[in-house]
> 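Attaching a single structure in structure tokens format; questions to follow.
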Amino acid sequence: MAAAAASGGCGPGEAASGACARDGGARRGRGGAGGRRAGPGQAMGNVLGPAAPRAPRRGEPLGSPGSFDELHRQCKEVFPQQMEGVKLIVTKTLSSHFQVTHTVHMSTLGPSSYHFNATFVGDRQLGPTEAFPTLVGDMDNSSSLNAQVLHLVAERIRTKAVFQTHQAKFVTWQFDGEYRGDDCTATLTLGNPDLLGESALKWVATLNVGYGGAHASYYHRANEQVQVGVELEANTRLQDTTFAFGYQLNLPQANMVFRGLLDSNWSVGGVLEKKLPPLPVTLALGAFLNHWKNRFHCGFSVIVG
């Protein structure tokens, strides 16, 4: 379950002005030199004058917060992704509905891997990132598969099914049903391991609370160049709490994007992405350092497409 709230009202200055206006009116009602001496608040009321009429509260609805999976997306996109070794990503769009991606990762910490990803998108487009039906499949060189199917059952009801195998053996499945209201989103998740039904409301900050702990995030876009995000996760089962701060700097004139990270595990890191126009190539360089464990790793990747 997730909730967020915001409140608004007159500031201290407006409240003081209203009080001063009343005091000033009382003083003028007494009038005459024989009246009692005015207090400090009454004198201030004469200086400031009557308070401006209070603006009516807006009655517009908050609007739907969107998909449950998207609540923390903007905050997470600010943080840099861990990088090590060398990675090559090639994306090819075959049609307006079909796209494939090849990823080769040569790791320095573990075995190298190859991933093949295929995505099919249907004709029903509800938003920039929502189209139905959507089928996504990802398979690596060890025959491990991760597949997702998204379908729009009704105008307000969306479903998602996730299947995962490991080395050609079935591992887990998960089914999500989502109801999209006018100002809320409710999600029910079934699968193994057992998950709980959750509902979410989103405004600027997001909080999710469940049996396993809590997850809170805050995303703020300062301007076109600067974005920041703060994330807090508490796991009651592992008795562990982590905090992370991330930021993103966009330099459109230089075709560069930089993402930085600082967390409670004494880790710092950053990833620099550089586009190389007119070629459809993006070069990414990353480095991460954990002061507590005295561990450092770096890497770079080449993205084509």
Side-chain angles (χ1 to χ4, degrees), residues 1-8 56-79 93 95-99 101 117-138 145-164 170-221 227 229-234:
M1 178 172 59
S7 62
R57 181 173 295 180
R58 294 182 178 179
E60 294 86 354
L62 294 176
S64 175
S67 174
F68 180 81
D69 295 334
E70 298 292 316
L71 292 179
H72 300 281
R73 179 183 60 83
Q74 287 184 313
C75 181
K76 287 183 176 294
E77 287 181 350
V78 173
F79 292 82
T93 301
S95 68
S96 59
H97 300 283
F98 197 66
Q99 174 181 288
T101 301
N117 180 283
T119 302
F120 172 81
V121 179
D123 294 321
R124 189 162 186 182
Q125 187 85 20
L126 299 184
T129 60
E130 281 191 316
F132 298 94
T134 298
L135 292 84
V136 181
D138 185 278
L145 173 67
N146 191 330
Q148 297 186 25
V149 180
L150 294 87
H151 184 60
L152 184 68
V153 178
E155 183 180 357
R156 295 180 178 268
I157 301 177
R158 295 160 169 81
T159 59
K160 181 176 72 172
V162 179
F163 305 92
Q164 186 176 5
F170 180 79
V171 176
T172 184
W173 67 274
Q174 178 178 308
F175 178 80
D176 296 345
E178 179 182 279
Y179 172 79
R180 191 76 61 87
D182 294 332
D183 56 0
C184 66
T185 297
T187 302
L188 176 66
T189 302
L190 302 175
N192 57 323
D194 293 335
L195 302 175
L196 70 156
E198 302 173 72
S199 62
L201 290 172
K202 181 187 175 183
W203 182 51
V204 174
T206 304
L207 171 66
N208 303 103
V209 180
Y211 293 138
H215 181 195
S217 68
Y218 172 76
Y219 166 81
H220 181 74
R221 186 184 184 96
Q227 304 174 57
V230 181
E231 192 172 28
L232 175 67
E233 290 190 69

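It should be emphasised that the depicted structure is a prediction, and the values quoted were computed from it without experimental measurement. Residues take their numbers from the sequence shown, with the count starting at 1.
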> Just how far is it from atom CZ of Arg156 to atom CZ of Arg180, taken to the nearest 0.5 Å?
10.0 Å

> Please find the pair of heavy atoms, one from His151 and one from Pro133, that lie closest to each other, and give the distance.
ND1-CB, 3.9 Å

> Using modelled atom types only, decide if a donor and an acceptor are shared between the side chain of Ser95 and the backbone of His97 within a distance under 3.5 Å.
yes

> Could you measure the distance from the CZ atom of Phe163 to the OG1 atom of Thr172? Nearest 0.5 Å is fine.
10.0 Å

> Can you find a pair of side-chain heavy atoms, one from Asn117 and one from Val136, that are under 4.5 Å apart?
yes

> Nearest 0.5 Å please: distance from the CZ atom of Arg124 over to the CG atom of Leu152.
4.5 Å

> Do the side chains of Val153 and Glu178 get nearer than 4.5 Å, heavy atoms only?
no

> May I ask you to test the Leu145-Asp138 pair for a side-chain heavy-atom distance under 4.5 Å?
no

> Between Glu130 and Arg158, does any NZ, NE, NH1 or NH2 come within less than 4.0 Å of an OD or OE carboxylate oxygen?
yes

> Take Phe79 and Glu231, measure what side chain to side chain contact (heavy atoms under 4.5 Å, CB included) needs, and give me the verdict at the end.
CA-CA 10 Å; Phe79 292 82; Glu231 192 172 28; 4.2 Å; yes

> Looking at every heavy atom in both Phe132 and Leu126, which two are closest together, and how far apart are they?
CE1-CD1, 3.7 Å

> Taking all atoms of both residues into account, what is the closest heavy-atom pair of Ala131 and Gln125, and its distance?
CB-OE1, 3.4 Å

> Please round to the nearest 0.5 Å and tell me the distance separating atom CD of Gln148 and atom OG1 of Thr134.
10.0 Å

> Check Gln227 against Tyr219 and note the closest heavy-atom contact, atom names and distance.
OE1-OH, 2.5 Å

> Mind listing the closest non-hydrogen atom pair of Phe98 and Ala118 along with its distance?
CZ-CB, 4.2 Å

> Rounded to the nearest 0.5 Å, what's the gap from CD on Gln164 to CG on Asn146? Could you check?
5.0 Å

